[in-house]
Every structure is written in C-alpha cells, then in structure tokens.
Amino acid sequence: MEGAGVVTAVGEGVRDLKVGRHVAYAGPIGAYAKERLIAADRVVKIPAGVSDETAAAIMLKGMTAQYLLRRTYKVGRETTLLFHAAAGGVGLIACQWAASLGATVIGTVGSAGKALIARAHGCSHVINTREEDLVAKVKDYTKGRGVDVVYDSIGKDTFPASLDCLKPLGMWVSFGQASGPVPPFKITLLSQKGSLFATRPSLGSYTETRKDLVATANDLFDVIAKGKVKIAANQSYPLAEAERAHRDLEARLTTGSTLLIP
Ligand SMILES: NC(=O)c1ccc[n+]([C@@H]2O[C@H](COP(=O)([O-])OP(=O)(O)OC[C@H]3O[C@@H](n4cnc5c(N)ncnc54)[C@H](OP(=O)(O)O)[C@@H]3O)[C@@H](O)[C@H]2O)c1
C-alpha cells in the first residue's frame with residue numbers, strides 16, 4: 001500500500017509534479033515494485049529533511065495514526081486510551097503522537113522486549129498480553145473505570161475483551177485484524193457493555209479527497225519535523241526477500257516499521 005520514490009515521468013496535464021521530485025503515497029495497492037504508475041493526485045511531496053526511507057515507512061501507518069487520534073476520536077489531555085500492538089508500525093507512531101497530545105497511553109505487546117520499546121515511545125503502561133490479563137490490568141491502571149477509547153488492530157483475539165476495557169460511552173475503534181476478523185456480533189452487546197460506540201475505519205475514507213490527503217500528510221510531516229514523533233524503521237529487507245519480511249511480521253518478530261528496498 002505505501003511507498004516512496006522519485007518521479008521519472010508525468011502524464012499530460014500534470015502541472016505541480018516535476019521529474020526528479022521525491023514523492024510518497026499510501027495506496028492504491030501495488031507498492032511491491034521498482035517502478036509504478038500512479039495517479040498524480042494520490043501522491044504527496046516529501047518535505048526537505050525527510051528521507052525516502054522515512055517517508056516509505058510512515059505514509060500508511062502515520063496517516064492512519066493521524067486520523068485515529070485527531071479525527072476518529074479527538075485525543076487530548078483528558079484522554080486515557082488503550083493501543084493494541086503498541087510496538088508495531090502504527091503503534092509506535094500513534095503512541096508517541098498520543099503522548100505528545102497529553103493523553104495517558106496504555107499499550108499492549110506480545111513480549112518483554114517489545115514492552116521496553118513501547119515504554120520508550122509514549123506508553124505510560126504496557127501490558128504483555130501473552131502473560132497478563134488484559135481487562136484486569138486496564139482496570140488496575142484506570143482505577144476501575146476503563147479507558148475512553150480502544151484502538152484495536154488485532155481483531156479476533158482481542159474481541160470482546162477490548163469492549164470490557166472501555167468505560168461507559170467509550171469508543172471501540174476496530175481498525176485491523178492481525179489475528180483474524182472480529183466475529184459477527186449482536187449490536188445489543190454495545191448497550192450491555194455500557195452504551196459503547198464502535199467504528200471500523202479505513203484510511204481510504206479519511207483521505208478520499210485531495211484536500212484531506214494533503215492535510216493528513218502535512219499534519220504527519222509536522223509532528224515529525226517538530227520531533228514529537230520519531231520514526232523507527234527497525235527492519236529492512238531487499239524487495240526480492242518480501243516473503244521473509246511477511247514471515248517475520250506474521251511471527252510477531254517485527255517492531256516499528258518495515259522497509260522493502262527494490
Ligand atoms: N484501517 C486502517 O486504516 C489501517 C491502516 C493501516 C494499518 N491497518 C492495520 O493496522 C494493523 C497494524 O499494522 P502494522 O503494519 O503497524 O503492523 P504491526 O502492528 O507492526 O504488526 C502486527 C502486530 O500485531 C500483533 N499481533 C497480535 N496478534 C497477532 C497475530 N495473531 N498475528 C500477527 N500479529 C499479531 C503483533 O504485535 P505483538 O506481538 O506485540 O502483539 C504484531 O507485531 C494491521 O492489522 C493493519 O492491517 C489498518
């Protein structure tokens with residue numbers, strides 16, 4: 001979905017992009033390539049000071065963090081949130097960003113090593129879900145109340161526990177399914193668990209217009225320029241070894257962002 005590179009040719013009528021410009025994008029699918037053809041209004045210019053590698057590591061994941069924290073639920077000083085896979089690609093960006101907004105961030109991870117990384121990137125509390133009881137720990141950290149919002153990219157394995165981590169009227173943001181899809185459920189479950197809100201967002205809807213795409217990307221580049229979010233592109237593989245990258249991701253061995261270099 002996401003990538004960065006240099007413009008080698010432009011189509012007729014394209015005025016604001018020139019050959020040689022460094023650009024990046026988050027969709028449509030097709031980034032596993034050395035060269036690609038892409039609509040000019042879907043790419044953004046990479047600002048000075050940001051490398052192609054960093055841009056490739058953040059476009060999908062960082063713009064997702066942007067809309068999750070700034071639009072799906074407006075995170076601020078009063079917010080206590082739970083972010084699953086806190087040491088992952090989206091997770092490390094989102095947890096730093098949320099902390100910079102003044103929120104209290106509780107992150108989940110699958111190993112002790114990842115717990116250290118999550119703590120160093122904005123999490124006040126980290127729960128290792130392979131060893132600790134998710135709901136009990138969240139209740140501990142929130143004095144029994146639960147969090148305002150849960151950002152859940154795990155899916156099957158964290159349902160319905162994520163709902164039990166919310167306070168009444170809390171929001172469940174189900175934005176991914178690393179462990180498999182959330183099973184079908186009755187909507188009355190949301191009332192039983194405290195008149196909860198639920199949404200299943202995707203970046204595509206939040207950046208459908210050129211205006212939204214540019215605003216989202218600019219907000220992301222801005223927090224990076226100000227040093228509020230540091231980018232951890234922790235793994236890099238030759239594009240020809242994409243299979244190995246997928247195996248490592250599936251085995252939960254990666255942290256932060258992963259790059260494929262053509
Ligand atoms: N809706 C959107 O707009 C949108 C946009 C971008 C990405 N996403 C989704 O966001 C999620 C995170 O993306 P990412 O690239 O940043 O990946 P990632 O979080 O770096 O990797 C996935 C992580 O999920 C955790 N996990 C828990 N159970 C798992 C399982 N059964 N199999 C594999 N991983 C498991 C692992 O962390 P632990 O070992 O620490 O648990 C793993 O490292 C993905 O599901 C992706 O599809 C959604």
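Atoms within a ligand are numbered from 1 in the order they appear, just like the ligands themselves.
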Asker: Considering heavy atoms of the protein only, find what lies nearest to atom 22 (C) of ligand 1 and give residue, atom and distance to 0.1 Å.
Answerer: A178 CB, 4.4 Å
Asker: Quick one: which ligand 1 atoms are inside 4.0 Å of a heavy atom on L203?
Answerer: 2 (C), 3 (O)
Asker: Heavy-atom contacts with S202 under 4.0 Å: which atoms of ligand 1 show up? List them by number with element.
Answerer: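 Result: 1 (N), 2 (C), 3 (O).
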Asker: Do H246 and Y32 have ring centres separated by under 6.0 Å?
Answerer: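 Ring centres of Y32 and H246 closer than 6.0 Å.
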Asker: Given side-chain hydrogen bond (donor to acceptor under 3.5 Å, both in side chains), test T188 with S191 step by step and report yes or no.
Answerer: CA-CA 5 Å; T188 45; S191 74; 5.7 Å; no
Asker: Does CZ in R145 sit with more than 12 non-hydrogen atoms of other residues, nucleotides or ligands closer than 6.0 Å?
Answerer: no
Asker: What's the shortest heavy-atom distance between R70 and V75, and which atoms?
Answerer: NH1-O, 4.4 Å
Asker: Verify side-chain hydrogen bond (donor to acceptor under 3.5 Å, both in side chains) between D152 and S162, making sure each step is shown before the conclusion.
Answerer: CA-CA 7 Å; D152 190 339; S162 282; 2.7 Å; yes
Asker: Quick one: which ligand 1 atoms are inside 4.0 Å of a heavy atom on L249?
Answerer: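 In order of numbering, the contacting atoms are 21 (O).
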Asker: Hey, what do you get for SG (C123) to CZ (F83), rounding to the nearest 0.5 Å?
Answerer: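 Those atoms lie 9.5 Å apart.
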Asker: What atoms of ligand 1 come closer than 4.0 angstrom to any heavy atom of G89?
Answerer: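 Checking each atom against G89, I get 16 (O), 18 (P), 19 (O), 20 (O).
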Asker: Could you check atom 41 (O) of ligand 1 against the protein and tell me its nearest heavy-atom contact, residue, atom and distance included?
Answerer: R252 NH2, 2.9 Å
Asker: For atom 40 (O) of ligand 1, what is the nearest protein heavy atom, given as residue, atom name and distance?
Answerer: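 Minimum-distance protein heavy atom for atom 40 (O) of ligand 1 reads G110 N, 2.8 Å.
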Asker: Name the closest protein heavy atom to atom 47 (O) of ligand 1, giving the residue it belongs to and the distance to 0.1 Å.
Answerer: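 So the nearest neighbour among protein heavy atoms is G176 CA, 4.6 Å.
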Asker: Using only atom types and a distance under 3.5 Å, with no angle test, would you say the side chain of Y206 pairs donor to acceptor with the backbone of D212?
Answerer: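 The answer is no, because no donor-acceptor pair under 3.5 Å joins these two groups.
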Asker: Numbering the atoms of ligand 1 from 1, which are under 4.0 Å from a heavy atom of R200?
Answerer: 1 (N)
Asker: Got L220 and I58 here, is their nearest side-chain heavy-atom distance under 4.5 Å?
Answerer: yes
Asker: What protein heavy atom sits nearest atom 1 (N) of ligand 1, and how far off is it?
Answerer: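 Protein heavy atom at minimum distance: F175 O, 2.9 Å.
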Asker: What is the nearest protein non-hydrogen atom to atom 5 (C) of ligand 1, stated with its residue, atom name and distance?
Answerer: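 Minimum-distance protein heavy atom for atom 5 (C) of ligand 1 reads T64 OG1, 3.0 Å.
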Asker: Angle class for the W172/F185 ring planes (parallel below 30°, perpendicular above 60°, tilted otherwise)?
Answerer: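 Because their plane-to-plane angle is over 60°, the rings of W172 and F185 count as perpendicular.
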Asker: Please write out which residues are connected to V6 in a hydrophobic cluster, directly or through intermediates, given that two of Ile, Leu, Val, Met, Phe, Trp, Tyr count as joined at side-chain heavy-atom separations below 4.5 angstrom.
Answerer: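 In the cluster with V6 there is nothing else; it is isolated.
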Asker: Any idea which atoms of ligand 1 are less than 4.0 Å away from a heavy-atom of G88?
Answerer: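 Ligand 1 atoms under the 4.0 Å threshold to G88: 18 (P), 19 (O), 20 (O).
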Asker: Between S174, S153, P201, flag the one that comes closest to atom 45 (O) of ligand 1 by a heavy atom.
Answerer: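 The nearest heavy atom belongs to S153.
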Asker: I want to confirm something. Looking only at heavy atoms, which of Y151, Y206, Y67 is nearest to atom 3 (O) of ligand 1?
Answerer: Y67
Asker: What is the distance from atom OG1 of T216 to atom OH of Y67, rounded to the nearest 0.5 Å?
Answerer: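 Reported to 0.5 Å precision, the distance equals 10.5 Å.
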Asker: Backbone or side chain, does any N or O of V90 fall under 3.5 Å from an N or O of ligand 1?
Answerer: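 Yes, at least one N or O pair falls under 3.5 Å.
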Asker: Of all the non-hydrogen atoms in the protein, which one sits nearest to atom 27 (C) of ligand 1, and at what distance?
Answerer: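 Going atom by atom, the protein heavy atom closest to atom 27 (C) of ligand 1 ends up being I154 CD1, 3.3 Å.
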Asker: So which heavy atom in the protein is nearest atom 15 (O) of ligand 1, and how far is it from that ligand atom?
Answerer: K61 CD, 3.9 Å
Asker: Quick one: do K226 and D222 make a salt bridge, cutoff under 4.0 Å?
Answerer: yes
Asker: Could you list which atoms of ligand 1 come closer than 4.0 Å to a heavy atom of Q177?
Answerer: 45 (O)
Asker: As a check for students: among M1, K114, M63, identify the option with a heavy atom nearest to atom 37 (O) of ligand 1.
Answerer: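 The nearest heavy atom belongs to K114.
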